[in-house]
Amino acid sequence: MDYHKLLFIGPVGAGKTSAIRSICDDHENIETEAKASDVTGRRKPTTTVAMDYGCLTLSDDEAVQLYGTPGQARFKFMWDMLATNIAADCAGIVFLVDNTRNYPMRDLKYYAQEFAELISRKPVIVGVTRSDLRDTPTLLEYENTLEEMGINARVRFIDARKASSVLPVVEELLQDKVRFNEWAELAKRAIANDAELEEEWVPVDASSYEIQDYRGEEVVMKDSIVDDVMNFKGVKGAALTDDMGDVVTSSIESGEVNDFVGFVSGVVKVFEEVSDLGKVQSVSLRSAKEDNITVFLNDSEQVLGIQSSNRVSFRALKQQVDDLLQWG
Ligand SMILES: Nc1nc2c(ncn2[C@@H]2O[C@H](COP(=O)(O)OP(=O)(O)OP(=O)(O)O)[C@@H](O)[C@H]2O)c(=O)[nH]1
Ligand SMILES: [Mg+2]
């Protein structure tokens with residue numbers, strides 16, 4: 001049997017697990033799903049903690065092994081393991097992006113950077129999911145962003161729940177690399193399977209699948225964001241302040257650090273006025289020896305300060321906070 005590998009990457013909830021489940025043999029994939037105990041759970045009941053695996057048999061002597069990454073940055077150790085080891089010899093990458101997230105282009109850039117080495121030497125198709133719920137950004141915007149990043153990838157809208165939508169992407173990535181050529185037959189069977197899958201996966205409690213579509217409204221941080229942030233690896237404390245710099249809630253013991261977080265909100269307003277750099281989203285004080293302090297500002301003029309170990313990457317922290325802000 002000749003095996004070909006494909007790797008599915010992309011942000012939380014983009015549909016990596018769903019896509020692998022939809023096309024693998026008998027939908028018998030291996031998932032390492034955990035009940036999403038954090039804010040992800042408000043959007044979907046489970047999240048991948050290690051990896052997804054499924055096998056798609058093409059013929060008696062060829063099969064495709066489908067690997068999926070966890071989307072959450074706190075399971076990042078698996079990204080390396082998949083990209084440099086388990087799926088380093090993959091035939092291509094399916095890069096899924098969720099069109100309903102607040103900043104899909106930011107997601108695209110973030111995961112493109114994290115998987116840059118693999119992306120530079122493999123064919124990539126960007127599959128934009130949930131376009132039935134939100135049709136912007138357009139494919140052209142994705143194409144332009146990819147071009148700016150110097151990434152040569154095709155972009156398609158896909159529905160990760162449906163084999164009939166995922167299979168053409170698999171075909172596009174593999175057609176030159178496999179002997180198998182009965183894709184049309186496979187697609188026909190897939191359409192039949194889609195109906196089966198829909199029956200199988202009707203959620204019992206439909207409300208848990210409800211999607212809060214972000215359409216540019218203001219994001220308001222809840223007090224509980226402090227507890228949520230404390231679950232991030234390497235975070236030692238968090239403080240939420242109002243636009244006057246008064247602490248609303250904090251898990252940071254040092255009064256000076258709390259004051260500093262509040263102080264930043266005032267300074268940033270002045271900074272935005274005198275510079276023409278536009279809106280400041282975060283300010284980070286990085287230390288070579290001690291903890292870092294990062295202050296995130298949002299449109300509601302609340303301020304979230306995070307004290308974290310200097311080993312925590314700012315980019316990973318920012319991505320996690322972004323995840324919280326759109327689901328919190
Ligand atoms: N409406 C709609 N829902 C979709 C589409 N694609 C996927 N979904 C849903 O989006 C959710 C995706 O969840 P998962 O497949 O667990 O996402 P994931 O990328 O594996 O997420 P993590 O493992 O947490 O990183 C599921 O509830 C799917 O049913 C789409 O095109 N439209
Ligand atoms: Mg998953």
Side-chain angles (χ1 to χ4, degrees), residues 6-24 27 29-54 66-79 82-83 87 93-101 104 107-108 110-111 114-115 125-137 139 142 155-169 190 193-194 196-214 231 316 319-320 322-324 326-327:
L6 287 182
L7 181 64
F8 289 68
I9 65 170
V12 180
K16 302 172 293 294
T17 300
S18 310
I20 291 175
R21 182 193 295 147
S22 78
I23 58 170
C24 72
H27 310 309
N29 51 322
I30 296 169
E31 299 175 7
T32 54
E33 295 293 278
K35 192 171 175 321
S37 53
D38 53 12
V39 282
T40 306
R42 293 179 204 151
R43 179 142 162 161
K44 62 191 188 92
T46 64
T47 188
T48 303
V49 294
M51 63 184 246
D52 301 293
Y53 173 78
L66 310 155
Y67 292 93
T69 56
Q72 293 196 34
R74 61 184 163 139
F75 307 121
K76 213 171 160 175
F77 58 95
M78 281 307 301
W79 299 354
L82 280 156
I93 300 168
V94 181
F95 188 163
L96 297 182
V97 191
D98 174 357
N99 229 28
T100 66
R101 297 246 302 175
D107 291 334
L108 188 74
Y110 177 72
Y111 290 88
E114 291 294 332
F115 290 88
I125 294 186
V126 173
V128 180
T129 62
R130 295 184 195 255
S131 60
D132 51 319
L133 300 170
R134 188 170 180 190
D135 58 7
T136 54
L139 294 186
Y142 283 101
V155 191
R156 309 275 179 266
F157 279 133
I158 74 164
D159 186 330
R161 299 165 299 180
K162 297 192 174 138
S164 54
S165 181
V166 180
L167 265 182
V169 170
N193 282 352
D194 279 350
E196 185 190 308
L197 204 62
E198 262 164 35
E199 275 170 31
E200 224 175 284
W201 291 96
V202 173
V204 185
D205 173 12
S207 65
S208 65
Y209 279 72
E210 238 169 53
I211 288 149
Q212 284 193 340
D213 197 2
Y214 176 79
N231 289 326
Q319 183 72 22
Q320 285 176 296
D322 278 349
D323 283 350
L324 269 185
Q326 55 201 329
W327 293 344

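Nothing here was measured: the structure is a model prediction, and the numbers come from that model. Counting convention: from 1, in listed order, for ligands and their atoms alike.
Checking side-chain atoms of Asn99 against main-chain N and O of Thr136 turns up a donor-acceptor pair under 3.5 Å. Thr129 contributes a side-chain N or O that, together with a main-chain N or O of Ala14, makes up a donor-acceptor pair within less than 3.5 Å. The backbone N or O of Leu96 sits nowhere less than 3.5 Å from a side-chain atom of Lys16 that would complete a donor-acceptor pair. Side chain of Trp79 to backbone of Pro70: a donor-acceptor contact under 3.5 angstrom is found. Remark: the backbone N or O of Thr17 is not paired with any side-chain donor or acceptor of Thr48 at under 3.5 angstrom.
Using a 4.5 Å heavy-atom threshold, the side chains of Leu7 and Thr69 count as touching. Under the 4.5 Å side-chain criterion, counting only non-hydrogen atoms from C-beta, Tyr142 is in contact with Val97. Using a 4.5 Å heavy-atom cutoff, the side chains of Asp159 and Arg130 are not in contact. Put simply, the side chain of Met51 reaches to within 4.5 Å of the side chain of Leu82, judged on heavy atoms.
Atom numbering of ligand 1 starts at 1 in the shown order; those under 4.0 Å from a heavy atom of Ser18 are 12 (C), 13 (O), 14 (P), 15 (O), 26 (C), 28 (C). Every atom of ligand 1 is numbered from 1 in the order shown, and the set under 4.0 Å from a heavy atom of Pro11 is 19 (O). For ligand 1, the atoms lying closer than 4.0 Å to a non-hydrogen atom of Val12 are 21 (O), 24 (O), 25 (O). Close approach to Leu133 involves these atoms of ligand 1, each under 4.0 Å from a residue heavy atom: 1 (N). Ligand 1 places these atoms under 4.0 Å from at least one heavy atom of Ile158: 31 (O). Taking every non-hydrogen atom of Asp132 and a distance limit under 4.0 Å, the qualifying atoms of ligand 1 come out as 1 (N), 2 (C), 30 (C), 31 (O), 32 (N).
Among the atoms of Lys16, some N or O lies under 3.5 angstrom from an N or O of ligand 1. Taking only nitrogen or oxygen atoms, main chain and side chain alike, Gly15 reaches within less than 3.5 Å of ligand 1. Geometrically, ligand 1 and Thr129 share no nitrogen or oxygen pair separated by less than 3.5 Å. The N/O atoms of Ala14, backbone and side chain alike, include one that comes under 3.5 Å of an N/O atom in ligand 1.
Remark: Tyr53 engages Tyr67 in a ring-ring contact (aromatic ring centres under 6.0 Å, His included) (not counting sequence neighbours).
Taking 4.0 Å as the cut-off between side-chain N and carboxylate O, Asp132 and Arg161 count as a salt-bridged pair.
Between the choices Thr48, Ile20, Asp52, the shortest heavy-atom distance to atom 23 (O) of ligand 1 belongs to Thr48. Counting only non-hydrogen atoms, the option in Arg134, Arg161, Lys162, Arg21 that gets closest to atom 9 (C) of ligand 1 is Arg161.
Residue-and-atom listing of protein N/O/S atoms under 2.8 Å from the Mg ion (ligand 2), sorted by chain and number: Thr17 OG1, Thr48 OG1.
Assignment of Thr69 to the shell around ligand 1 is not supported, since no heavy atom sits closer than 4.0 Å.
The aromatic rings of Phe77 and Phe75 sit perpendicular to each other, their planes meeting at more than 60°, with 30° as the lower class boundary.
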